[in-house]
Participant: 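Encoded as structure tokens, here's the structure I'll be asking about.
All values reported here derive from a predicted model rather than from experimental measurement.
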Amino acid sequence: MLSTLATPAEAAGHTLDWCMPPWPPDPSQEAFTVLGPAWRSPTPKSVPTGEAFDLVRVAEAPGRLALEYLQRRGVRRGAVFTEYGSWHFFVPPGSAVLPPGTNWPHTVTYLTGQHVTIPGRGTRTAEQAPLHWITRDPAGHLFTAPLFLWAALREFTAAPNLPTTGNTK
């Protein structure tokens, strides 16, 4: 059975074992294993994408709909943060590679090989901060299942007249 955390490339029969970091036996330690002290830092920290994780960046409206979709269906989801209204989902490295004939939606930015700043641990609401966590639950889980995220974002970014909520910066 294919894991719900499989990257799209793995689902297409390609393995990415060479670029996957060792995962802790306790999933509640996943975020700390990947991000180290940055996960528990009370202040924003710059972290490199591309080796231990990648990010999928999308506008707030489709991001919110995708997160709600994943939650309702009990699909593996991880930490999500926002910066100036763009939502960032953590995915395993190599999730940019999709099965032939498919691509991430054109409104999605796939981030790998660059530094990004993640919020401080306690920054969970806007509190007039443009950089804050949307969710850090379930505790310690970092990654969202990329295949399901891709499918949700494909659906929600293609829909006309998406509802807008919250910060529109």
Participant: When you check the gap from the basic side-chain N to the acidic O, do R76 and E30 get nearer than 4.0 Å?
Facilitator: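 The answer is yes: the pair qualifies as a salt bridge.
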Participant: Locate the shortest heavy-atom distance separating A52 from P93; write the atom from each residue and the value.
Facilitator: O-CD, 3.4 Å
Participant: Y69 and A152: which non-hydrogen atoms are nearest, and at how many Å?
Facilitator: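 Smallest heavy-atom distance, with atoms named: CD2-CB, 3.8 Å.
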Participant: Who passes ring pair (Phe, Tyr, Trp, His ring centres under 6.0 Å) against F89, sequence neighbours left out?
Facilitator: none
Participant: With sequence neighbours left out, what residues match P48 under side chain to side chain contact (heavy atoms under 4.5 Å, CB included)?
Facilitator: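 In terms of side chain to side chain contact (heavy atoms under 4.5 Å, CB included), with neighbours along the sequence ignored, P48 is linked to H115.
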Participant: Closer than 3.5 angstrom, by distance alone: can the side chain of T107 be matched with the main-chain N or O of T157 as a donor-acceptor pair?
Facilitator: no
Participant: What is the distance from atom CG of L149 to atom CZ of R77, rounded to the nearest 0.5 Å?
Facilitator: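 Reported value, rounded in 0.5 Å steps: 12.5 Å.
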Participant: Given 3.5 Å as the limit, does a donor-acceptor pair link the side chain of Y110 with the main chain of S95, or not?
Facilitator: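 Such a contact is found between Y110 side chain and S95 backbone.
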Participant: Give, for atom CZ of R154 and atom NE2 of H106, the distance between the pair rounded to the nearest 0.5 Å.
Facilitator: 14.0 Å
Participant: Run the side-chain hydrogen bond (donor to acceptor under 3.5 Å, both in side chains) test against S46 and tell me which residues pass, sequence neighbours left out.
Facilitator: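 Residues passing side-chain hydrogen bond (donor to acceptor under 3.5 Å, both in side chains) with S46: none at all.
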Participant: With heavy-atom distances below 4.5 Å as the criterion, would you say the side chains of T109 and V58 are in contact?
Facilitator: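 A side-chain contact under 4.5 Å is absent here.
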Participant: Start with the C-alpha gap between R136 and R121, add the side-chain angles, then the distance that decides, and say whether side chain to side chain contact (heavy atoms under 4.5 Å, CB included) holds.
Facilitator: CA-CA 9 Å; R136 285 174 54 109; R121 178 178 67 201; 3.5 Å; yes
Participant: Measure from the side-chain N and O atoms of S41 to the backbone N and O of P37, and report whether any donor-acceptor pair falls under 3.5 Å.
Facilitator: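 Side chain of S41 to backbone of P37: no pair is present.
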Participant: Does a side-chain heavy-atom distance below 4.5 Å link F81 with I118?
Facilitator: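 They are in side-chain contact.
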Participant: Given the ring of F32, does R40 sit roughly above its face, with NZ or CZ under 6.0 Å from the centre of the six-membered ring and within 45° of the axis?
Facilitator: yes
Participant: Measure the shortest side-chain to side-chain distance between L67 and V80 over non-hydrogen atoms and say whether it is less than 4.5 angstrom.
Facilitator: yes
Participant: Going by side-chain hydrogen bond (donor to acceptor under 3.5 Å, both in side chains), name the residues that satisfy it together with T117, two or more places apart in sequence or in a different chain.
Facilitator: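 Result, side-chain hydrogen bond (donor to acceptor under 3.5 Å, both in side chains) vs T117: none returned.
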Participant: Would you sort out whether V108 and W150 count as a side chain to side chain contact (heavy atoms under 4.5 Å, CB included), showing the intermediate values?
Facilitator: CA-CA 9 Å; V108 169; W150 168 78; over 6 Å; no
Participant: Does any part of the side chain of P62, heavy atoms only, come nearer than 4.5 Å to the side chain of L65, both counted from C-beta?
Facilitator: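 No - every pair of side-chain heavy atoms lies 4.5 Å or more apart.
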Participant: Determine whether a donor-acceptor pair (N or O, by modelled atom type, separation under 3.5 Å) exists between the side chain of T144 and the backbone of G78.
Facilitator: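 Judged by distance alone, yes, a pair lies under 3.5 Å.
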Participant: Show, in sequence, the C-alpha distance, side-chain angles and deciding distance for V116 and V47, and conclude whether the side chain to side chain contact (heavy atoms under 4.5 Å, CB included) test is met.
Facilitator: CA-CA 6 Å; V116 296; V47 293; 3.9 Å; yes
Participant: Who passes side chain to side chain contact (heavy atoms under 4.5 Å, CB included) against A79, sequence neighbours left out?
Facilitator: W39, F90, W133, L142
Participant: Who passes side-chain hydrogen bond (donor to acceptor under 3.5 Å, both in side chains) against T112, sequence neighbours left out?
Facilitator: D54
Participant: For the residue pair A38 and K45, what are the closest heavy atoms and their distance?
Facilitator: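 Closest pair (atom of A38, atom of K45, distance): CB-CB, 3.8 Å.
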Participant: Any side-chain heavy atom of R57 sitting closer than 4.5 Å to one from W87?
Facilitator: no
Participant: Using only atom types and a distance under 3.5 Å, with no angle test, would you say the side chain of T82 pairs donor to acceptor with the backbone of S86?
Facilitator: yes
Participant: Check step by step if side chain to side chain contact (heavy atoms under 4.5 Å, CB included) holds for H88 and V56.
Facilitator: CA-CA 5 Å; H88 297 75; V56 171; over 6 Å; no
